[in-house]
2 protein chains.
Amino acid sequence: MTRGEARQQLLEAAEELVLARGLSAATVDEICRLAGVTKGAFYHHFKSKDALALAVLDHYYGRVAAAFTIASDLASPRERLDAMLTRAEEVAAGPLLRRGCLMAVFALELAERPDDRLRAAVAERFDQLGFGLETVLRQVLREQGCAPKPARAQASFLARQFLVCLEGGITLAKAHKDPERVVEAVRFYRKSLAAQLA
Amino acid sequence: MTRGEARQQLLEAAEELVLARGLSAATVDEICRLAGVTKGAFYHHFKSKDALALAVLDHYYGRVAAAFTIASDLASPRERLDAMLTRAEEVAAGPLLRRGCLMAVFALELAERPDDRLRAAVAERFDQLGFGLETVLRQVLREQGCAPKPARAQASFLARQFLVCLEGGITLAKAHKDPERVVEAVRFYRKSLAAQLA
DNA sequence: CCCTGTACATACCAAACAGTCGGTTTGCGA
DNA sequence: TCGCAAACCGACTGTTTGGTATGTACAGGG
């Protein structure tokens, strides 16, 4: 443990423990122990446990958003959509989501706090996560014209349902200790999308 | 507060607090306070906080399962399937799921406990909840024959995806404080099912 | 009317909790 | 080489935690 990396260690330890037990069950002492750092270091870098939680949310979201991002140099919207869904399946099968989704944990645990800044931050991240897909979906829907609904609303709706399937899959994967459920859920979304776009 | 109803009061208080803050943040003292009862009553009826959690799970699941159940005297499998999905939309819009899903809270919070009896109980309830739908789906798939996959596996897959959409919808509803997301998710599932059955 | 078990209440405990504070180490510019 | 701020340490505090020990009110059978 060299000087200067305590903050990073704390973020990683906190992420792991929050995913394993939830936010309120992940104690400051335990986070410090896992990070190999003392309480002094903790409260030097974060003014409270809530501040740490917000930082962990950023840290986690950054990696998830990066994992879902694809190179944007593909010609047609349909190709981009296809690439995004393929990537999504890979992410679902990969190690990043195997322990669950930190945003989901926060969402369920912080739903009715008096101060809901953390909850609002989570909601914002969810929106951001769906925005890339929504954009591509809008282009695809516009391209094929003949929309029963306006493309804008329909794209927004379908993008939200991707997050629904992803988070639902993660929840059931955790309940059953079966990470394959996430992949299954993403594949279901892909099929549904194909059917509803055709 | 008359004698004999402390247990029921404790179950209801615990359900409310767990849905609001999660299991570990819902303290025994607070549960007792909300139930209008003392610690003595708590530990008279439940030998530990975990025992209460299991009882709350039963209490909650019973009501959810009842809400999703339909009269089974409808003639054709397709009619039954349709009735189930209509009912599902009603439940999604109703008060029962407005505060979230207790099973999802448990699943995320108890995922990596050394003793995973509670987690296993949650997984079992999820399976039970999907079983009714799975049965009807199998009949519908058999009826229309010409399956690309065996009807058994396909019905099981599609029934799981209902729970995926339901729980995913609930998670995002909590994150955004927008109960309508649950209804949206169930409607998405219904459309997807219609597309993939046709 | 008394006796007994169930249904609670009250006071308490050790451990764990988030957060604090005075002190020590260390990198680094002057 | 010195000075100083940032990084980090670890003992401490007041409160809260799940759980217990002991007592009491009361319904119902004899």
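These numbers come from a predicted model, not from an experiment. Below, chain A is the first sequence line, B the second, and so on; all start at residue 1.
Using bins of under 30°, 30° to 60° and over 60° for the plane-to-plane angle, the ring pair A:Phe188/B:Tyr189 lands in the tilted bin.
Place A:Glu30 and B:Arg7 on DNA chain C by their nearest nucleotides, and B:Arg7 ends up nearer the 5' end.
Ion pairing between A:Arg21 and A:Glu30 holds under the 4.0 Å rule for side-chain N and carboxylate O. Under a 4.0 Å N-O distance rule, the pair A:Arg125/A:Asp58 qualifies as a salt bridge. Under the 4.0 Å criterion applied to side-chain N and carboxylate O atoms, A:Asp82 and A:Arg87 are not assigned as salt-bridge partners. The residues B:Arg113 and B:Asp115 are annotated as not salt-bridged, no charged nitrogen and carboxylate oxygen being separated by less than 4.0 angstrom.
As a whole-Å value, the separation of A:Gln8 CD from D:dA7 P is 14 Å. Residue A:Asp50 contributes atom CG, which lies 15 Å from atom C1' of C:dC17 at whole-angstrom precision. One can place CG of B:Asp29 at 14 Å from P of D:dT20, the figure rounded to the nearest angstrom. Atoms CD (A:Gln9) and C1' (D:dA7) sit 15 Å apart, rounded to a whole Å. Residue A:Arg33 contributes atom CZ, which lies 19 Å from atom P of D:dC8 at whole-angstrom precision.
Within residues 38-47 of chain B, the residues approaching DNA chain C are B:Thr38, B:Lys39, B:Gly40, B:Ala41, B:His44, B:His45, by heavy-atom distance under 4.0 Å.
In this structure, A:Lys191 satisfies the cation-pi test against B:Phe157, with its NZ or CZ atom closer than 6.0 Å to the six-membered ring centre and inside 45 degrees of the ring normal.
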